[in-house]
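Take a look at the structure below.
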Amino acid sequence: MDLGPFEVNNSVSCRLSSQIPSLCLEQDCCLGIDEAGRGPVLGPMVYGICFCPVSKKENLKEMKVADSKTLTEAERENLFEKLDEAKSFIGWALQILSPNTISTSMLQRSKYNLNALSHDTAIGLVQFALDSGVQIFVDTVGPAEKYEEKLSKLFPGITVTVRPKADSLFPVVSAASICAKVARDRVVKGWNFAEELGEVDTDYGSGYPNDPKTKAWLLKYLDPVFGYPQFVRFSWSTAQTLMENKSAAVHW
Amino acid sequence: MTSISSDSLIRLQLPSAGQAPRAPVHLMPCEIEHNGPARITEYFSATVKDCKHEQTVSFRGRGLKGQEVNCPQGYTGLILKEVNRPGSEEEDRTVRVSSVFDKLTYWNLETPPSSDDTIVMAMDWPDLAEAVSADITKGNLKKILSTNQIIATLFYYRYMDP
C-alpha cells in the first residue's frame with residue numbers, strides 16, 4: 001500500500017487501489033465495504049472495498065480474515081500483506097477522507113453530514129470498481145435498510161446486502177475492514193503535519209475523544225487563533241468545546 | 001491629520017521613506033475576537049494551496065477560497081498601531097505606521113472571490129473617481145476609455161448617450 005499520493009496533500013480526499021485482478025473482470029465477484037476511523041476526533045476516516053470472484057470465496061475464508069476490531073494491529077498488518085499478495089484474485093480500493101475534508105464538509109454552509117459523506121464515499125468506491133470492469137454480484141455493507149435501498153437503486157443488477165456486523169459475517173467485508181483499518185493506522189502514525197509546528201508529539205492515543213492521551217494532546221496543541229492543525233476534525237464537539245473555552249471566538 | 005470629533009485629533013506618524021516593513025495581509029471572511037500576534041506563518045501560510053489562479057486554505061475547519069488583490073496604483077496600504085491608548089475620548093491619539101502593503105489576500109468562505117465583491121470593486125474606485133471627475137478633452141478621453149472597461153462604460157452613459 002503506497003500512501004504517497006495521499007501524503008503529497010493530506011488536506012484532501014484520496015483514492016488508493018490495488019491492481020484489478022484480471023479474474024475479477026471475467027467472473028462474478030463479491031464485494032465488501034467497510035470503514036475505519038469514523039469516531040475519532042483525530043486523523044482521517046478511511047473507506048475500503050475488497051472484492052474477489054465468488055469462485056474464490058473459500059480461498060478468502062482460508063486466509064482467516066476476521067473483523068478488524070477483533071484483531072491486533074500486528075495481525076491486521078499480517079493479514080493485509082496476505083490479501084495484497086493474493087493479487088491474482090483479490091482486489092481492494094480505499095478512499096481516505098482527510099480530517100480537513102471531514103471538517104470542511106460538516107461545517108459547510110449547506111450542511112453535509114457524516115452519513116451523507118460516508119454513503120457518497122461508499123457509492124464512489126463501488127462505482128470505481130464497476131468502472132474498472134469488476135463484475136460485482138453479491139454483498140456490500142453499511143448501517144441500515146434505507147441505505148440498502150439507496151444502493152440497490154443506484155446499482156441495479158447488483159444484489160446489495162446492508163447488514164450490521166457484516167464485518168464479522170462476510171469474509172469479503174472483513175477483508176475490506178482490514179484494508180481500511182491498516183490504512184487509517186498507518187496514516188495516523190505517520191501523519192505529516194502541513195503546519196510548521198516543528199517536532200509534534202505523536203503520543204495522541206487512539207484519537208477517540210474519551211482517550212486521556214487524546215484529550216491531553218488536544219489541550220497541548222490548542223492555538224488561541226487557529227485552533228488546531230488540520231489533523232484534528234474541527235466539526236467534532238470535543239474540539240469545538242475546547243476551542244470555545246480556550247481560543248478566540250470567531251464569528252462567520 | 002484627521003479629526004474624529006471636534007475635541008480630539010488623531011495624529012498619523014509617517015515613517016521616513018522605505019522604513020516601514022512590507023507585510024503580507026490576509027482579509028478574512030470572519031471576525032476573530034483576538035487582538036495580538038498570531039502564528040500565521042506556521043498555521044496559515046504553510047497550509048495555503050495554490051491551484052492555478054485560486055488559492056485554498058481552511059480556517060477553524062472551514063474552507064476558504066482566496067485571491068490576491070492589488071492596491072490601486074499610486075496607493076499604499078497602511079497597517080496602523082496606536083502608540084499610547086488615551087485614557088479619555090477627549091485626548092488626542094497618535095498612531096504610527098507599523099507596516100505597509102501593496103497587495104492583500106482576500107479570502108471568501110467557500111466561494112471564490114469575484115469582481116462583484118465589494119473589496120475587489122473598491123480597488124477600482126480611485127481610477128473610477130478620477131475618471132468621473134476628470135476634465136474632458138478629446139485627447140484624454142481616448143486614453144481614459146482605453147484603460148478600463150468599467151470607466152469606459154460609465155463614460156459612455158455620461159457623455160455619449162443622447
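Predicted model only: the values in this text are computed from it and were never measured. Numbers restart at 1 for each chain; the letters A, B, ... are given by sequence-line order, proteins then strands. Reckoned from all heavy atoms, side chains included, excluding hydrogens, waters and symmetry mates.
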_Quick one, A/Val225 with B/Phe44, criterion side-chain contact (heavy atoms from CB on, under 4.5 Å). Give me CA distance, side-chain angles, the key distance, then yes/no._
CA-CA 10 Å; A/Val225 176; B/Phe44 197 78; over 6 Å; no
*List for me each residue that meets side chain to side chain contact (heavy atoms under 4.5 Å, CB included) alongside B/Pro126, sequence neighbours excluded, and say none if there are none.*
B/Pro72, B/Tyr75
*Which atoms form the tightest heavy-atom contact between B/Ala46 and A/Ala194, and what is the distance?*
CB-O, 3.5 Å
*With a 4.5 angstrom heavy-atom cut-off, which part of A/Met106 approaches chain B: side chain, backbone, both or neither?*
neither
Would you list the atom pairs in which one atom of chain B and one of chain A form a donor-acceptor pair under 3.5 Å?
from: B/Glu31; atom 1: N; to: A/His251; atom 2: O; distance (Å): 2.8
from: B/Glu31; atom 1: O; to: A/His251; atom 2: N; distance (Å): 2.8
from: B/Glu33; atom 1: N; to: A/Ala249; atom 2: O; distance (Å): 2.8
from: B/Glu33; atom 1: OE2; to: A/His251; atom 2: NE2; distance (Å): 2.5
from: B/Glu42; atom 1: O; to: A/Glu196; atom 2: N; distance (Å): 2.9
from: B/Ser58; atom 1: OG; to: A/Asn100; atom 2: OD1; distance (Å): 2.7
from: B/Ser58; atom 1: OG; to: A/Gln230; atom 2: NE2; distance (Å): 3.4
from: B/Arg60; atom 1: NE; to: A/Val225; atom 2: O; distance (Å): 2.9
from: B/Arg60; atom 1: NH1; to: A/Ala248; atom 2: O; distance (Å): 3.1
from: B/Arg60; atom 1: NH2; to: A/Pro224; atom 2: O; distance (Å): 3.4
from: B/Arg60; atom 1: NH2; to: A/Val225; atom 2: O; distance (Å): 2.9
from: B/Arg60; atom 1: NH2; to: A/Ala248; atom 2: O; distance (Å): 2.9
from: B/Gly61; atom 1: O; to: A/Thr104; atom 2: N; distance (Å): 3.3
from: B/Leu109; atom 1: O; to: A/Arg109; atom 2: NH2; distance (Å): 2.9
from: B/Glu110; atom 1: OE1; to: A/Arg109; atom 2: N; distance (Å): 3.3
from: B/Glu110; atom 1: OE2; to: A/Arg109; atom 2: N; distance (Å): 3.0

